[in-house]
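The chain is numbered in sequence order, starting from 1.
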Amino acid sequence: MTASDQYATVRYLVDDVPAALDFYTTHLGFEVLSDHAPAFADVTRGPLRLLLSGPASSGARATPEGSGEPGRNRIHLAFDDLDAEITRLGAAGLSFVGDPVSGPGGRQILLRDPAGNLVELFQPA
């Protein structure tokens, strides 16, 4: 079985692979699948495989000129207790984008990784 059979895979372009690797493994519960810093690393959390592609990676080099800014898309991570996660991550010195937002499906708050990519922390209703 290959990784593509086990995981849904998302690529994030990052400026600093070791910083991104530390962010995702230390704060968000990802595990290292491979570490080829400074060019590339990939991490997993459940069925999600997150490719962290630095400037020297083939994924970043294949990106069209002018596409270097982080987009509005984001990965979505579910938690049982959003308030506890906000407290834990805030105590670790991380800052959030805005305040928690509630809707019919649950509550969410946004966080940025070291490269500016968005991460949504979500608690279902």
Side-chain angles (χ1 to χ4, degrees):
M1 182 176 283
T2 66
S4 63
D5 296 329
Q6 297 173 341
Y7 302 111
T9 303
V10 174
R11 181 184 310 278
Y12 268 178
L13 302 181
V14 301
D15 339 9
D16 183 335
V17 171
L21 194 59
D22 180 62
F23 174 83
Y24 285 100
T25 58
T26 299
H27 301 296
L28 297 177
F30 281 79
E31 296 181 6
V32 176
L33 191 59
S34 69
D35 180 356
H36 303 286
F40 172 83
D42 59 340
V43 294
T44 61
R45 185 176 189 265
L48 173 62
R49 177 178 175 226
L50 185 58
L51 309 177
L52 304 170
S53 297
S57 70
S58 59
R61 291 192 320 264
T63 303
E65 197 65 36
S67 300
E69 295 298 316
R72 294 176 49 110
N73 297 316
R74 56 192 180 243
I75 59 172
H76 170 100
L77 304 176
F79 294 92
D80 292 332
D81 186 343
L82 184 63
D83 292 324
E85 289 304 312
I86 291 170
T87 299
R88 182 181 70 81
L89 295 169
L94 302 182
S95 56
F96 297 92
V97 179
D99 295 318
V101 175
S102 295
R107 295 175 59 232
Q108 66 182 15
I109 193 165
L110 299 178
L111 179 67
R112 286 196 188 275
D113 76 6
N117 296 300
L118 290 172
V119 177
E120 177 182 325
L121 309 180
F122 179 79
Q123 179 181 343

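Residues forming a ring-ring contact (aromatic ring centres under 6.0 Å, His included) with His76 (at least two apart in sequence, or on another chain): Phe122. Applying the side-chain hydrogen bond (donor to acceptor under 3.5 Å, both in side chains) rule to Arg45 yields no partners; only residues at least two apart in sequence or on another chain are considered.
In this structure, Leu52 CG and Leu13 CG are separated by 10.0 Å, a value rounded to the nearest 0.5 Å. Atom CD1 in Ile86 sits 7.5 Å away from atom CG in Leu121 (nearest 0.5 Å). Considering CG of Leu28 and CG of Leu77, their distance stands at 6.0 Å, rounded to 0.5 Å. A distance of 4.5 Å separates CG of Asp83 from CZ of Arg107, quoted to the nearest 0.5 Å. Between atom CG of residue Leu94 and atom CZ of residue Phe23 there is a gap of 5.5 Å, rounded to the nearest 0.5 Å. In this structure, Tyr7 OH and Thr44 OG1 are separated by 4.0 Å, a value rounded to the nearest 0.5 Å.
Under a hydrophobic-cluster definition in which Ile, Leu, Val, Met, Phe, Trp and Tyr are linked whenever side-chain heavy atoms come within less than 4.5 Å, directly or via other members, Leu89 and Phe30 are assigned to the same cluster. Cluster annotation: Ile109 is not connected to Val97 through the hydrophobic network of ILVMFWY side chains, with a link wherever side-chain heavy atoms come within less than 4.5 Å. Grouping the Ile, Leu, Val, Met, Phe, Trp and Tyr side chains by contacts below 4.5 angstrom, directly or via other members, places Val32 with Val14. Clustering ILVMFWY residues whenever any of their side-chain heavy atoms sit less than 4.5 angstrom apart, transitively, puts Phe96 in a cluster other than the one holding Leu118. Leu48 is connected to Val119 through a chain of hydrophobic side-chain contacts under 4.5 Å among Ile, Leu, Val, Met, Phe, Trp and Tyr, so both are in one cluster.
Atom CG of Asp81 is surrounded by more than 12 heavy atoms from other residues, nucleotides or ligands within 6.0 Å.
The two residues Ala41 and Leu21 make their nearest non-hydrogen contact at CB-CD1, 3.8 Å. Residues Arg88 and Thr26 approach most closely at NH1-O, 4.3 Å, considering heavy atoms. Listed here is the closest heavy atom pair of Pro114 and Ala19: CG-O, 3.7 Å. Summarising the geometry of Leu33 relative to Arg49, their closest heavy-atom pair is CD2-NE, 3.8 Å, with the distance given to 0.1 Å. When every heavy atom of Val17 is checked against every heavy atom of Ala37, the shortest pair comes out as CG1-CB, 4.0 Å.
Proximity of a side-chain donor or acceptor of Arg112 to a complementary backbone N or O of Ser95 within less than 3.5 Å is not detected. Put simply, the side chain of Tyr12 gets close to the backbone of Ile75: a donor and an acceptor are under 3.5 Å apart.
Annotation: salt bridge (charged side-chain N to carboxylate O under 4.0 Å, His left out) contacts involving residues 92-103, sequence neighbours excluded, are absent.
At least one side-chain heavy atom of Glu120 sits less than 4.5 Å from a side-chain heavy atom of Leu110.
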